[in-house]
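Everything numeric in this text was worked out from a predicted model, so none of it was measured. Naming convention: chains lettered A, B, ... in sequence-line order (proteins, then strands); numbering from 1 in each chain.
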2 protein chains.
Amino acid sequence: MVTIKQVSEKAGVSSATVSRVINNTGTVKEKTRELVMSAMAELGYRHNVVAASLASNKTHTIGYVVPELHGSFFGAMMGGTEQALRQAKKHMLIATGHSDADIEKEQIDALLSRRCDALILHVEAVSDDYLVNLVQQGVELVVVNRYIEEIGDNCISLDNIKGGYLASRHLLDIGHTKIAYLAGSLFKADGKNRLTGHQQALRDMGVEYTDNLTYEGNFQAKSGTEGIRALVARGARFTAVACANDEMASGAMIALRELGRRVPEDVSVIGFDNVDFASYLSPGLTTIDYPVQKIGTMAAHWVLERVYGHTRHEYQHILSPRLILRGTTSSPEQ
Amino acid sequence: MVTIKQVSEKAGVSSATVSRVINNTGTVKEKTRELVMSAMAELGYRHNVVAASLASNKTHTIGYVVPELHGSFFGAMMGGTEQALRQAKKHMLIATGHSDADIEKEQIDALLSRRCDALILHVEAVSDDYLVNLVQQGVELVVVNRYIEEIGDNCISLDNIKGGYLASRHLLDIGHTKIAYLAGSLFKADGKNRLTGHQQALRDMGVEYTDNLTYEGNFQAKSGTEGIRALVARGARFTAVACANDEMASGAMIALRELGRRVPEDVSVIGFDNVDFASYLSPGLTTIDYPVQKIGTMAAHWVLERVYGHTRHEYQHILSPRLILRGTTSSPEQ
DNA sequence: GACCTAATTGTAAGCGCTTTCATTTTTTAT
DNA sequence: ATAAAAAATGAAAGCGCTTACAATTAGGTC
């Protein structure tokens, strides 16, 4: 590998000057710059970012922890981040936490050992305190899809309550009053918040909420199918069903079809997340859009602005979901 | 940040010894190790991987170039890689090439500047020669989902011909003879190979191939819809349609439904890739499984074996697709 | 042309670690 | 107990770059 030293000799300047042209720092005469440039070209010089990082104490690398890599959710999010970071010549070091506190910690640790300039974390198992602590230690990090009050400034998340509200409000607006709710895992904040939104919508429209119409699933398609069966088994009557996410909605549709109930003629269904396959279902699934890519972008902007001091990179902390109308909802028949 | 030097002083040993316990290299007496360990714990030492990389000329980092991050394909692939690499304590630096030769080159360059120990590349725009050249320059790289003869050893890919064969062979086996084919972009190797497989299956079973039953799309759902319409418009008669991928199959199903043709009673449909939503369609899409996660794993094994000299990491160069039976195919009615 | 200021370059000290080689200590064999 | 061999440790030279700071050169001004 050819070094800066060799380039400097070939160009007849000092290595400091070569460093200056590489980084475009300090001042260097145009003629000198050209000299150096051609020396680099001739020798086939390749900058050694590792050495530069050690010397400058900046790696231009962002550590990224997500639970898993498969599925389309995290790809979309990281895609949003990557797009923004690429233009700033930053790179992403990726690690998976598998929703396990020990692994999550281990990965965060590894990323810090690699001296990432900042971390973007979608972690699920680690405690709030642990993250608060990191921030207090001066670690530059942004938590995505999770809100922690003490470090609200470091969080970027979706307003799940609003999303839950929007979904049920839509059903109410088109005339439904008997609305079942297939909840996600309620020990998770988003599962709980979406249900809260549902309840608020009911209250706002003067419809009484009843546990009898609610079923707690686990965000998986199968639990949607089971939810419908359970509801029907307990004799619940409903003309619409709001679901904690699209997978469960898809599962619910399968169960409804089994029961001979048409969607949307007999029962309206609304999902949440607007995942890729929502539009491939038939009829297309009406749902709530989770602006996941935008969250990724916001995280990138946070980092660019706060860690690298780039201005003009705006970001918000709480993003708003919105209703996506497709074919699974319609007014109830009289 | 506390350094190895400070630890060594606290422990009353040399920094070389501290380095040895950190890396578990050389020999160090058990008692000394404990001394060093507790010194590290007390001082809250965090290894500086950047400095270590510079000194050792190893970064334990694999550069990964994919076209895009969104969608579920690359997430699944990277997930396979990550799982294998995590156990070996390697990390992945991710970059996107956007199917643009200049960007792809730029990203490869950036990853090399960061002194990645190896690269895993899913690149689409860069030429074969360019990649062959890199290999000849001594760059450790594995090309995924693409086969280049000169560097076949560095390639891990799917047998697309076999996949195309399997799909059409299945339709033939259950009695179809009038099989339409909705091809992907034929300037892409996989689009072409899948079609070739289709043709081979027909030939093997003594059915004549005709261009009249083939339509060239572009792997997008919409082109599947258009393909069916075009075929019907030109008066083609078929009882089954094989598609270059699941998106196109999904588009085809929409068009068939519009035309009042039931799937699979009137027309059988088979896709390719077995993407996430294939099982959410109704009926579930019969398709060819693309073992994308396994390809990611194989790439990791290649790297582990060839670059890091870990043994016991086997890998193959050409992976086999297999048929996934769901609900969109059945024997033609008499 | 002398003098002041600004622009340009060079010198050299690290950044925090690994690793070779030499040295010291411990163990084993006789 | 003693020599030889093995194990454990230390000294120090980098790895390739950045970045004060000092030194030099260039550009203006009167």
Side-chain angles (χ1 to χ4, degrees), chain A residues 1-37 39-40 43-61 89 91 109-117 308, chain B residues 1-37 39-40 43-61 89 91 109-117 308:
Chain A
M1 286 277 98
V2 12
T3 71
I4 229 181
K5 187 88 186 306
Q6 300 170 43
V7 172
S8 75
E9 279 161 9
K10 174 133 202 160
V13 299
S14 75
S15 62
T17 298
V18 176
S19 173
R20 287 189 189 99
V21 351
I22 291 172
N23 297 295
N24 216 349
T25 55
T27 64
V28 22
K29 215 193 293 184
E30 185 52 29
K31 224 170 109 188
T32 315
R33 172 187 313 281
E34 280 162 15
L35 220 58
V36 171
M37 296 285 241
M40 293 200 296
L43 296 172
Y45 173 75
R46 168 163 281 145
H47 192 48
N48 186 327
V49 175
V50 173
S53 295
L54 177 59
S56 68
N57 202 28
K58 282 237 159 297
T59 56
H60 302 283
T61 301
K89 307 249 184 220
H91 276 253
D109 224 61
L111 294 175
L112 290 175
S113 283
R114 281 163 186 261
R115 295 299 188 268
C116 290
D117 293 335
Y308 295 112
Chain B
M1 283 276 100
V2 12
T3 70
I4 226 179
K5 186 90 186 309
Q6 298 171 42
V7 173
S8 76
E9 280 161 8
K10 175 133 201 160
V13 298
S14 75
S15 62
T17 298
V18 176
S19 172
R20 288 189 189 99
V21 350
I22 291 172
N23 297 294
N24 214 351
T25 56
T27 62
V28 20
K29 212 193 294 184
E30 185 51 31
K31 223 171 110 189
T32 315
R33 172 187 312 283
E34 282 163 13
L35 220 56
V36 171
M37 295 286 242
M40 294 200 295
L43 295 173
Y45 173 75
R46 168 164 282 147
H47 192 47
N48 186 326
V49 175
V50 173
S53 295
L54 177 60
S56 67
N57 202 29
K58 281 236 160 297
T59 55
H60 302 284
T61 300
K89 306 249 185 221
H91 276 253
D109 224 62
L111 294 175
L112 290 174
S113 283
R114 281 162 187 263
R115 295 299 188 268
C116 290
D117 294 335
Y308 295 112

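Contacts with DNA chain C (heavy atom under 4.0 Å) in residues 12-27 of chain B: A16(B), S19(B), R20(B), N23(B), listed by number. Contacts between residues 44-59 of chain B and DNA chain D, counted as heavy-atom distances below 4.0 Å, involve L54(B), A55(B).
Using a 4.5 Å heavy-atom threshold, the side chains of L111(A) and H91(B) count as touching. Within the 4.5 Å cutoff, the side chain of S19(A) has heavy atoms near those of the N23(A) side chain. With contacts defined as side-chain heavy-atom distances shorter than 4.5 Å, the pair R46(A)/D109(B) qualifies. Side chains of R114(A) and T61(A) form no contact here, defined as non-hydrogen atoms less than 4.5 Å apart. Residues N48(A) and M1(A) form no side-chain contact, since every pair of their non-hydrogen atoms from C-beta on lies 4.5 Å or further apart.
Across all their heavy atoms, G44(B) and V2(B) have their closest contact at O-CG1, 3.7 Å. Of all heavy-atom pairs between H60(A) and Y308(A), the closest is CA-OH, 3.4 Å.
Going from atom NZ of K31(A) over to atom C1' of dA26(D) covers 13 Å, rounded to whole Å.
Residues meeting the side chain to side chain contact (heavy atoms under 4.5 Å, CB included) test with I22(B), sequence neighbours left out: I4(B), V18(B), M40(B), Y45(B), H47(B). Scanning for salt bridge (Lys or Arg N to Asp or Glu O under 4.0 Å) contacts around E9(B) gives K5(B), with sequence neighbours left out.
Bounding nucleotides for the chain A contact on DNA chain C, 5' to 3', at a heavy-atom distance below 4.0 Å, are dT8(C) to dG16(C).
Legend: salt bridge (Lys or Arg N to Asp or Glu O under 4.0 Å) pairs involving residues 10-31 of chain B, not counting sequence neighbours, sorted by first then second residue: K10(B)-E42(B), E30(B)-R33(B).
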